[in-house]
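To find a chain, count down the sequence lines: A is the first, B the second, and so on, and within it residues start at 1.
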Amino acid sequence: MAKPIPRTSSRRNGRISSRKNARRIPKGVIHVQASFNNTIVTVTDVRGRVISWSSAGTCGFKGTRRGTPFAAQTAAGNAIRTVADQGMQRAEVMIKGPGLGRDAALRAIRRSGILLSFIRDVTPMPHNGCRPP
Amino acid sequence: MAASSLSSFLSSLLLPKRPSPPLVDILCLLSQPHLRQTPSKRASLLATWGPSAPPSSFSSLHNATDISPILFPSLAYSSTLFFKSAYNVQIIVNDNEPEEKLLNRFRKEVLKAGVLLEAKRRRFFENKHEKKKRKAREAARKNRKRRPLPKAPKDIKHLANKERRGDEKDDNWDVPDVDLPYC
């Protein structure tokens, strides 16, 4: 969803979670998972805790249209809009997976005005591991 | 580690011979003038014995790429060690880089690393036959790029023509002056 995920109450024992919903984070990481059928854009902080996410499916696209570059563009735009309000200026981009959404999401991120420090491709590569289907 | 022990062993061998002038020349050849660190004898000794090429990432390391595998042998594995997560390709974004240029740079790096090809290949299982076919295709493509088929040189054709004419000249077309029994 294009809104921050609410914290569950499972951590009430030891930790006092921060009360305010919007954490001020100047720097974050944008993960883009671009598969053949869909594109998911997740914005996390530097440690990896998710702030907000958006995907082509949640943007209203259905079926084969989710895998298109335009859908990836809207998903990225959606995800960044919520985060820009929280004051994120710099971000790293981690792109995973083959798919048409790679370039389109990167373009949308670039156009949104966030400063990019790194762009990394983190597609997981097995060293001849599991047998594919 | 093995590298340091080997280098120390070799340096201990060379030291008593006082090789300073030729080693300095080798160092000047090897190192860039603006390189900050130059370990004195290791660079020349490890020049022939170094790990494989540094990773395709780190597009901003211009200065030390020549002897960085010698100076920092573990740099080749930086993509797995550094940044807490392994990456295939990394691009460091310069300030005010135009969007298209950035995208093109990213695409080129990804193409060089072969990420998309690899992902497509691992999507479905390929048995022995398919693997062999794919490898043959890739080898053919590589050979085609490296060595375009040379055409047959023209000299051979000329020679063949001349030889033919020569043969014709040497052929004996005259009728022998002999009484033929059956004419």
**Q** Do A:Ile80 and A:Phe70 share a hydrophobic cluster, counting only Ile, Leu, Val, Met, Phe, Trp and Tyr and linking them when any side-chain heavy atoms are less than 4.5 Å apart?
**A** no
**Q** Given a strict heavy-atom distance threshold of 4.5 Å, which part of B:Phe124 is in contact with chain A: side chain, backbone, both, or neither?
**A** both
**Q** Under 6.0 Å from the CZ atom of A:Arg90, do we count more than 12 heavy atoms belonging to anything else shown?
**A** no
**Q** Quick one: pull up CG in B:Asp95 and OG in A:Ser117 and give me the separation to the nearest 0.5 Å.
**A** 10.5 Å
**Q** What closest approach, in Å, do A:Asp103 and B:Leu103 show between heavy atoms, and which atom pair accounts for it?
**A** O-CD2, 4.0 Å
**Q** Give me the atom names and distance for the closest heavy-atom approach of B:Arg123 to A:Pro133.
**A** O-CD, 3.7 Å
**Q** What part of B:Glu126 gets closer than 4.5 Å to chain A, counting heavy atoms only: side chain, backbone, both or neither?
**A** neither
**Q** With a strict 4.5 Å heavy-atom criterion, list every residue of residues 31-43 of chain A that contacts chain B, or say none.
**A** A:Phe36
**Q** Could you name the residues of residues 104-114 of chain A that have a heavy atom within less than 4.5 Å of a heavy atom in chain B?
**A** A:Leu106, A:Arg107, A:Arg110, A:Arg111
**Q** For A:Thr123 and B:Tyr87, run side chain to side chain contact (heavy atoms under 4.5 Å, CB included): C-alpha distance rounded to whole Å, both residues' side-chain angles, the deciding distance at 0.1 Å, then the answer.
**A** CA-CA 7 Å; A:Thr123 317; B:Tyr87 57 80; over 6 Å; no
**Q** Side chain from CB out, backbone as N, CA, C, O: work out which of these in B:Arg107 comes under 4.5 Å of a heavy atom of chain A, or both, or neither.
**A** side chain
**Q** Flag the one option from A:Leu115, A:Asn128, A:Val93, A:Ile95 with the top tally of heavy-atom pairs under 4.5 Å to chain B.
**A** A:Asn128
**Q** Any idea which of A:Leu116, A:Val122, A:Ile119 has the most non-hydrogen atom pairs under 4.5 angstrom with chain B?
**A** A:Ile119
**Q** Quick check: does any side chain N or O of A:Asp121 sit under 3.5 Å from a backbone N or O of B:Val115, one acting as donor and the other as acceptor?
**A** no
**Q** Given the rule that I, L, V, M, F, W and Y join up when any side-chain heavy atoms are under 4.5 Å apart, are A:Leu100 and B:Phe106 in one cluster?
**A** no
**Q** With side chain to side chain contact (heavy atoms under 4.5 Å, CB included) as the criterion, how do B:Asn88 and A:Met125 come out once you've worked through the C-alpha distance, each side chain's angles and the decisive distance to 0.1 Å?
**A** CA-CA 9 Å; B:Asn88 301 321; A:Met125 287 288 166; 4.1 Å; yes
**Q** More than 12 foreign heavy atoms under 6.0 Å from NZ of A:Lys27: is that the case here?
**A** yes
**Q** CE/A:Met94 to CD/B:Gln90 distance, rounded to the nearest 0.5 angstrom?
**A** 9.0 Å
**Q** Which atom names give the shortest non-hydrogen contact between A:Pro132 and B:Arg122, and what distance separates them?
**A** CB-O, 3.4 Å
**Q** Other residues, nucleotides and ligands only: do more than 12 of their heavy atoms fall within 6.0 Å of CZ on B:Arg121?
**A** yes
